[in-house]
Each structure stands twice: as C-alpha cells, then as structure tokens.
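Structure record follows, encoded as structure tokens.
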There are 2 protein chains.
Amino acid sequence: MYLELRHLRSLLAIRETGNLARAAERLHVTQSALSHQIKSLEQHFDVQLFLRNSKPLCLTPAGHRLIELAGQVLPLVAGAEHELQRVARGELGRLHIAIECHACFEWLAPVLSHYRQQWPQIEVDIRVGVSFEALPALRKGEVDLVISSDPVRCADLKFATLFRYEALLVMAADHALTRKRRIQPTDLVEQTLITYPVNRQRLDVFSRFLQPAGIEPAAVRQSELTSVILLLVTSGRGVAVLPDWVLREVAAANQFTTRPLGRRGMKGTLYAALRKTDFASVYVQDFVTLARQGGGQISF
Amino acid sequence: MYLELRHLRSLLAIRETGNLARAAERLHVTQSALSHQIKSLEQHFDVQLFLRNSKPLCLTPAGHRLIELAGQVLPLVAGAEHELQRVARGELGRLHIAIECHACFEWLAPVLSHYRQQWPQIEVDIRVGVSFEALPALRKGEVDLVISSDPVRCADLKFATLFRYEALLVMAADHALTRKRRIQPTDLVEQTLITYPVNRQRLDVFSRFLQPAGIEPAAVRQSELTSVILLLVTSGRGVAVLPDWVLREVAAANQFTTRPLGRRGMKGTLYAALRKTDFASVYVQDFVTLARQGGGQISF
DNA sequence: TAAAAACTATGAAAGAGATTCATTATGTAT
DNA sequence: ATACATAATGAATCTCTTTCATAGTTTTTA
C-alpha cells in the first residue's frame, strides 16, 4: 500500500533518459528528489531497481517489472484523465431524461434526434417515469433531467421553464360536444374518457378538472400510445384530454376537434428539472434551449 | 499529472462500502481525511465524482470513469507488488550465467538441470561468453553470474570459489607421448593441438604453458564441441588440453590417456563472479553450493 | 413531525512526507 | 591523473495529508 503513480512516472522517465539528472529535469524536480524517491522505493520493496555502475542506467529484473507495470498503467491513467477533462469542459457527458407524462414523448422525440446530431458525444437516453419517482432519481444521479409540470422547492435542484401548454379536450369532428365553445366538467358525465394508463393523481383531467367538481365520466379507457388514443377519439369511441403540442403535430389530419377546458382553459407550464451542479453545463443548457424551441414552436 | 493510486484506492473503497465513513475506516484514515481527499480530487478535475444526497453514495459518470480506471489499474499494481515481494524474498529471480570457457559447459549442464528442478521459479539461462566481455556485462546487469578462472579486484563484484581443477593433456591410448609421465612444452613441438575456437590469450595451454616456453605446436585445429575434440584425439588426429572434469565424465570410454602438464601440473581454480548486491540471495547461494558439488565430485 | 442517529463537510493545527540546497562520493573520459 | 559528469546524502524547508473538533446534512426513529 505504498507504490504511487508518481513512482511509475519517475521510473519511466529514468528509463527513457537513461540518467537520473535528465529524468529529474523532465519531471521538474531536482536530481536529489528523484534519488531520494527511488531510494525509498527500493527500501520499501527491499530490492534494487537499477544498477548504478553503468551508463546508461540499467534496470534489474525488479526494475523491469515496475517499468512494465508503468507501461501498462500510465496509458490507462492518461486516457481516463483525458476523458475527465472532456467531461469537465462539457464535451463529454450523459443526459438521461425522465419524462413523467407520456405525451411529452411527442415533442421530445424530434428534439432529441436533433440534439443527438448536435452533441454526438453526449450519451442521451429517455426513461418514461412510471415505475419510479423521477425527482429522487434525479437527485441520486440515476437520471440527469426530468421533464415535469410541477416545480418543487428543493435545495439541490433547479427548474428551468421550457414552455407553456394548454390541455384540450379532443373529440371526433362530428361529436355532440363540438357545439360547445368551452367544456365544463359536467359535460363529461356521459362520456367515455380515454387516458394514458397511469394513476389518476397524475392526470390533470382528474386532479385539476373532474375531481374538484366531483364529476366522474361514464367510462374510462386507457391506452399507452398517443396515436391509438387519437384513433379511438376520431372513430368516436370516446374523448381525450391532451396537451396542445400533441394535437399540433397531427392537426393536418383534421379528423377531430378540440375545445378548451373550463372558463379560461387548463393551462400549465413544462419545466426541465436539473441538479444545480449540472445546470451550468453547456450541453445541458443547449438541450434546454432546443426543448424550448421544439415545444414552443406550436402556435395553436 | 496529479491523480495518484491513493485516490483510486479511496474511490474503490467508497464505492464498495457506499459510504465515506466506512470507507475511511477500511482505509485506516479518518472520515475527514477522505472527505478532504475527494474534494481536492474533484477540484483538480473540476467535476463532481459522486452525489452526496443519496444513500448509498452514488457516482456521477465522471466518478464511474475513475472507478473503472481503478478496476483496471489496481489489480495490475497488486500483481506487480506481489511479484516484487517474491523477488525480495528470493523466491523469484533470474540467473543468467556467462561462461568464459567452453569446457565449463560439461559440468554446468548437469548442475543446471538439477538446479532448475530445485528452483523452478528462477529464470535460468547460459551465455557462452565469446563475443562480449563477461565481467562488464555482469556489472551492468546483463548477466547475473560469470564462471571465471581469474578473479579480479572490483568494488561491486564478489568471486566465490567453486572448485580447483587441473588441465591435462589428452591423447589416444596408443599415442607416443603416453610413455612420458609428465608433459613438457617441447613435447608438443611435433604435435597437432586441438583447441576450442577462441583467442589464444584465453587458452591456458598457450598463455600458461607454451608461450612462456616460446613453443609453437606443429599445427592447431579447432572445434567448438568437446565431444568432437575427444573424437579427434582418440582417432589419433592430435592432442588436446582439457580440464579434468571434462575427462572424468567420459573416462569410462577409456580410449584415451591423460598426462599432467609441467612439473607440478597446470592447476587452477574456478570462481563464480557475482554482483555484491545479489550475493546474499538464497537462490544464488544455492547455485554456488550445487556448482561446488557438481564440479568437485570429480576425483581423478 | 420532532428528535435522534448517521453521515458528510469544513477550518485550523499537527504531522508526515517530499523536495531542495549544499555537499560529498563515485564513476567516466581526456 | 585530473576534470567532468553523474549519483548519493543529510539537514532544512516546504508542501501536502491527516487529524481534531465541530458544524451542517440527510435519514431514521419514536
């Protein structure tokens, strides 16, 4: 438990220069320092490392063994140091994104494909946060960025605003409710509501719209895929509540109609939650910028 | 140029215990020391290595990279340290032997085959010293032991006596000179002398017997192989001067006769020359012991 | 939810270890 | 043999590490 990289670097320098004095110069220490260092190393292992009565300095088998070790180890170390420097400079990194709402995938996917081109060195990944708590995972370093719609006060996290959105009721173009300009909770009493398969607490329709009014829709159906939900809607099997950006993407099809919920629409803000330590990173900042553009482009 | 093995060992301990305090305990330092150490490491590379707000402690990607490095490097280091300890204990080593006289091969070969069994971990090798200066090579660590018949005063070398020998004239059993009890230089005037193919300075017959008397044999033939020399001798093509141990080995054949050279025989002593630093080694000492037996067994 | 327990961070002081300076010793070349 | 180049040595200095004492966190427990 004594050998250090310093010793290996010295040994290598000595072998390459074949001479203590020049090795010392290269290592930016005095010849004396090197001599002391090697001596203490020899005392520690109780072996001679090279023979002094020769020019250039000649290694003993033990010395050779250490030089061999140096040859194996130092390049590995240099490689790792180099990578760490790149991490420090923000040229290399990881961006594991957790999304809490399925719908976010719709704007996130194109943003990410663009981002990947811009930052090929960054290891990007998405985890759809159903089975785990996203914010604790963020704090523990399991993920690096959480897309969330409700910011939480937390000492080591930072919430960066991405864009505002509005949740809209979606229905078939010929649906009865299209006659109404804005939808009230009671309007859904007779309806089949189609949602993503997650806990009701996490669905804004319930937590912000139906439950406050004490309303329960006639039926609830679930589907994981946005495209399937839309298909069910356009074929008249039910209505759904989706954020505007989703609808924007597929609006061209024009087979459904949307209406705002409540008097002034059910609006919200999307945030990127980050660890404060990561917040300054160029590559993280750049993701946020790109996300703002990608999501914000939508003018409904 | 700052990272040291100490840091890698710490990081590994931290990951394995998942906890600074216990890692510190394992490393036999205080928790404070570890905390300071990691902090300075993080400052040096300007990256965070793990996230503190989690239990167990969780590594950042940068931390992972260093742990990965530790996983590669530390086993290599441990291996080398282990080998050096064995070298120090004399369990592992190298014994490259240089012989200056061809004839030595005859007793050395069986000694070595015995030695190899006794010290399988020692890397044994023989170099027949024709093209290089044996003693300088010994001092420079190119070889580790020189078999020599003339000891030289030298501060860093030590000459261990192996055994005495006598050089004898060898001739066919029916050779004319068999009538003489002892051979004088003039006896060789008419003879064909068969020698090893080396410089005359290095052949005792010339340097110690013929040249002092100003005598030149009728002819000189050379052969590298002892067995060939003996073959030529027994078939009457000439005479040779060989050390007793060579003749001992093949005496059974009984097809030749030997006679001492000069009034009191041309005797000498064989030494093992060693670097003083190696002299104490068990495995070197043991070679010397074995060589004394191997060469000394001969009672002519 | 407060209190306790378990961990980690921090600053100052002490300690260990590395480096330098000045010099001596050793070996090499002229 | 002398000068030159190189390595070793000892004491002093300096740097870096570790410890101590304590404060600040987070997690667990009552």
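Quick note on labels: first sequence line is chain A, next is B, and so on, each numbered from 1.
Here C:dT10 presents its P atom at 13 Å from CD1 of B:Ile38, a figure rounded to the nearest Å. Atom C1' of nucleotide C:dA18 and atom CZ of A:Arg9 are separated by 15 Å, given to the nearest angstrom. Rounded to whole angstrom, the span from the CG atom of B:Leu41 across to the P atom of C:dA9 amounts to 13 Å. Between the CG atom of B:Leu34 and the P atom of D:dC16 there is a distance of 19 Å, rounded to whole Å. Between the CG atom of B:Leu3 and the P atom of D:dC16 there is a distance of 16 Å, rounded to whole Å. Whole-Å rounding puts the B:Gln48 CD to C:dT8 P distance at 14 Å.
Looking at A:Glu91 and A:Arg89, a side-chain N of the basic residue comes within less than 4.0 Å of a carboxylate O on the acidic one, giving a salt bridge.
The side chain of A:Thr30 approaches C:dT20 more closely than any other nucleotide in the set C:dT20, D:dT6, D:dT19. Among C:dG11, D:dA7, C:dA9, the nucleotide with an atom closest to any side-chain atom of B:His36 is C:dG11. If you check C:dT20, C:dA9, C:dT10 against the side chain of A:Ala33, the one that comes closest is C:dT20.
Ring geometry, A:Tyr2 versus A:His44: the interplanar angle falls from 30° to 60°, so the pair is classed tilted.
Contact annotation: B:Arg22 reaches the phosphate of C:dC7 (side-chain N/O to OP1 or OP2, under 4.0 Å). Checking the phosphate oxygens (OP1, OP2) of C:dT8, a side-chain nitrogen or oxygen of B:Asn19 falls inside 4.0 Å. The phosphate of D:dT9 (OP1 or OP2) has a side-chain N or O of A:Lys39 nearer than 4.0 angstrom. The side chain of B:Gln37 places no N or O atom within less than 4.0 Å of a non-bridging phosphate oxygen (OP1 or OP2) of D:dT17.
Not a single donor-acceptor pair under 3.5 Å links the side chain of A:Glu42 to the backbone N or O of A:Gln48.
Summary of the strand contacts: A:Gln31 and B:Ser32 both lie near DNA chain C, and taking for each the nucleotide with the nearest heavy atom, the more 5' one is attributed to B:Ser32.
At least one test fails for A:Arg292 against the ring of A:Phe163: distance under 6.0 Å to the centre or angle within 45° of the axis.
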